[in-house]
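Structure first, commentary second.
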2 protein chains.
Amino acid sequence: MDISWDDARLFLAIAETGSFSGAARRLRIGQPTVSRRLAALEYAVGASLFRRGVDGAVLTAAGERLVPPAKKMAEWAGELHRAAESSDTSPRGLVRVTAAPYMCFDFLAPFSGAVAKKHPGLRLEVLSGIQYLDLGRGEADLALRARCPPNADLKRVYGVQIRNAVFVAKSLKAKLPKRPTLQQIPWVAWAPPFDATPPNPQLESIIPGFSPVFTADNYLVMLAAAEAGVGAMVLGDLRHRFVRERSLVPLELDLGPYATSELHLVCAKSALDIPRVRKVSELLVEELEQAKKR
Amino acid sequence: MDISWDDARLFLAIAETGSFSGAARRLRIGQPTVSRRLAALEYAVGASLFRRGVDGAVLTAAGERLVPPAKKMAEWAGELHRAAESSDTSPRGLVRVTAAPYMCFDFLAPFSGAVAKKHPGLRLEVLSGIQYLDLGRGEADLALRARCPPNADLKRVYGVQIRNAVFVAKSLKAKLPKRPTLQQIPWVAWAPPFDATPPNPQLESIIPGFSPVFTADNYLVMLAAAEAGVGAMVLGDLRHRFVRERSLVPLELDLGPYATSELHLVCAKSALDIPRVRKVSELLVEELEQAKKR
DNA sequence: CAGGAGATATCCATGAATGCATGACCTCAT
DNA sequence: ATGAGGTCATGCATTCATGGATATCTCCTG
């Protein structure tokens, strides 16, 4: 009888979370996988390790005996992980990340601060221009994009779905009807030549005769106008952990088919062979994973 | 960066054995698998853990740091294993194993002794009759057979290839030419109605006019005759660990296409769901695996 | 000096593990 | 009573890890 160390880890995750589903979430694998692997482990061990129920899994006497050594394995696995981290020649250098202006402003800027704190050798250059940058040609290392790249030379590292919401200044919210329609909203949007940039086309398609009260060709100007109570903006609501005093508040408005959008972390195929790019990519994935859960 | 616990185990196996091939043997996986998985681990860790060469693998400084925690994981994995073993409600009861007479005599008898010592609750019944027993109908639980079962209701648990050799008494060897031919050998073989039982058909096909000097319908009688120097016997040479004072010695003779044969551990499909049968099967597999290596 | 025996790395076919979809069951709130 | 939300177990298609085969290299021995 041989117990795979990963099965020991799976066992401990079930024991500590109290359920197969909880273990699945912790280990980032499927619940059916947990169910089957635990069954196989019990078969190999020749004993039932948990009593199953709708309220989860409770350790049996046989299972109780495995917990202390499994916990010790986990402790030393933590040590191993830290030893490996210290081996990781701390990547250093510049990594260029591009995203839509709001994503840069709201997420990538504070994220860059967190990265700099954790990895002093890493510097992020955030490219917020709305013009398309060619990752294949190295114009940026990483990109957060609304669409999955069709190019064969790019790869999608991670993706989340995020809610879009309408934000206004508190002062404007006070002046609006309690349950305003989309037509009743004064909009802040892109001016030409950027009027094909989201969310303009989307607003045009769900608001007949769409006519913004304020347009600009610069994102910060648009944001300043919204914060000044001039109008409302549609913003992606990525529930990241960086708290920023937001002077804009969300409105309860139905955006129809545009209620959500996708956000994809994209790079050139071989970009992740560069340690500093890979590290930033990993950190971004972690952030997006946690944002997904909120 | 997440390190799979099984990758930690693989890393330690390489560190302790000093080579990918050694780790492969220890973990009972393929050497290409070790090579690839270690490469993937190094990629994830962002550091080289071993310097590779034809003399094996030597730990780098980064690799050195992972060894102590990995060893600790192994220690606790051992504890976990022992805890699991103690959970294993020691199987008890009778298990019937059938094999050819020589295999029973030479291997299964001492094996039964070892099993009884290790698992007092287990009893083996060794069925050495040469007539075919129907595992599907439960006439035996496990069988060691020369052929893989074609039946859909049987399964092959393990298989090894074993050498066949000609054995004689020392006294007979002294009387024989230094390099005897097959024709010059006096044979001990099966009498009717068992003359279709191996090795009779095989000897008949490689020795024109095959005519044994001694036949019997009982294996022990045949063995006694061989030991008395009456003639030679073809025996499977399973290099198991049970030492028995052998009064028969091998002859250097080429048996042509019959130089080796296969040995398969076979049972009914659901037999291994029975704890005692599964335990005996596991122990048999262990023995056959070790015999394979010698 | 050639061949054998060891090592690691890579390709590719195969089979095992995974996750999606779903069923069955239970509990709780409405 | 019903629906929502949680649990675990299972079928099946897909993905991915594995090992056999092989290439390449080095060292040792006859």
Side-chain angles (χ1 to χ4, degrees), chain A residues 2-11 13-44 48-60 63 155-161 269 272-273 289 292-293, chain B residues 2-11 13-44 48-60 63 148 155-161 269-270 272-273 289 292-293:
Chain A
D2 181 51
I3 300 181
S4 137
W5 290 16
D6 275 334
D7 282 347
R9 186 182 200 184
L10 181 121
F11 163 81
I14 301 170
E16 291 187 332
T17 61
S19 74
F20 290 16
S21 305
R25 286 190 289 272
R26 173 178 288 197
L27 299 175
R28 295 206 183 112
I29 60 178
Q31 174 268 317
T33 300
V34 173
S35 179
R36 264 192 302 264
R37 279 178 59 188
L38 197 269
L41 176 61
E42 286 177 323
Y43 182 86
S48 175
L49 302 176
F50 293 96
R51 266 187 296 277
R52 290 113 154 111
V54 297
D55 53 336
V58 181
L59 282 158
T60 60
K155 66 187 257 184
R156 170 187 183 278
V157 179
Y158 193 73
V160 292
Q161 198 168 56
K269 266 198 182 319
L272 298 186
D273 291 339
E289 277 179 338
K292 198 176 184 176
K293 286 182 202 155
Chain B
D2 182 53
I3 300 181
S4 138
W5 290 17
D6 274 333
D7 281 348
R9 187 183 198 184
L10 180 123
F11 163 82
I14 300 171
E16 291 188 333
T17 59
S19 74
F20 289 16
S21 306
R25 286 191 289 273
R26 173 179 289 197
L27 300 176
R28 296 208 182 108
I29 61 179
Q31 175 269 320
T33 301
V34 174
S35 179
R36 256 192 314 266
R37 279 177 61 188
L38 198 270
L41 176 61
E42 286 177 323
Y43 182 86
S48 174
L49 302 176
F50 293 95
R51 267 187 295 278
R52 293 115 152 105
V54 297
D55 52 337
V58 180
L59 282 159
T60 61
C148 224
K155 67 186 257 183
R156 170 189 184 275
V157 179
Y158 193 75
V160 292
Q161 198 170 56
K269 267 199 184 316
S270 59
L272 298 187
D273 291 340
E289 277 180 338
K292 199 176 186 175
K293 289 182 200 158

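Note that this is a predicted model, so its numbers are computed, not measured. A note on names: the letters A, B, ... follow the listed sequences, proteins ahead of strands, and every chain is numbered from 1.
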Pairing residues for A:Arg25 by the side chain to side chain donor-acceptor pair (under 3.5 Å) criterion, not counting sequence neighbours: none

For B:Leu10 against B:Leu38, the heavy-atom pair lying closest together: CD2-N, 3.9 Å

Any side-chain heavy-atom pair of B:Arg28 and A:Asp2 under 4.5 Å: no

Contacts of type side chain to side chain donor-acceptor pair (under 3.5 Å), residue B:Asp55, not counting sequence neighbours: none

Review item, side-chain donor-acceptor pairs of residues 29-36 of chain B, under 3.5 Å, at least two apart:
none

Touch class at under 4.0 angstrom, heavy-atom based, for B:Ser21 against every strand present: base

Partners passing ring-ring contact (aromatic ring centres under 6.0 Å, His included) against A:Tyr158 (at least two apart in sequence or in another chain): none

Residues that B:Arg51 engages under salt bridge (charged side-chain N to carboxylate O under 4.0 Å, His left out), provided they are two or more places apart: none

Partners meeting ring-ring contact (aromatic ring centres under 6.0 Å, His included) with A:Phe20 (sequence neighbours left out): none

Main-chain N/O of A:Ala57 paired to A:Ser19 side chain as donor or acceptor, under 3.5 Å: no

B/S/- contact track for nucleotides 17-30 of chain D, protein heavy atom under 4.0 Å: -BBBB---BS----

Heavy-atom contact window of chain A on DNA chain C, given 5' to 3' at under 4.0 Å: C:dT18 to C:dC26

Members of residues 13-20 of chain B that approach DNA chain D, where some heavy atom sits under 4.0 Å away: none

By salt bridge (charged side-chain N to carboxylate O under 4.0 Å, His left out) - contacts of A:Arg26 (at least two apart): A:Glu16

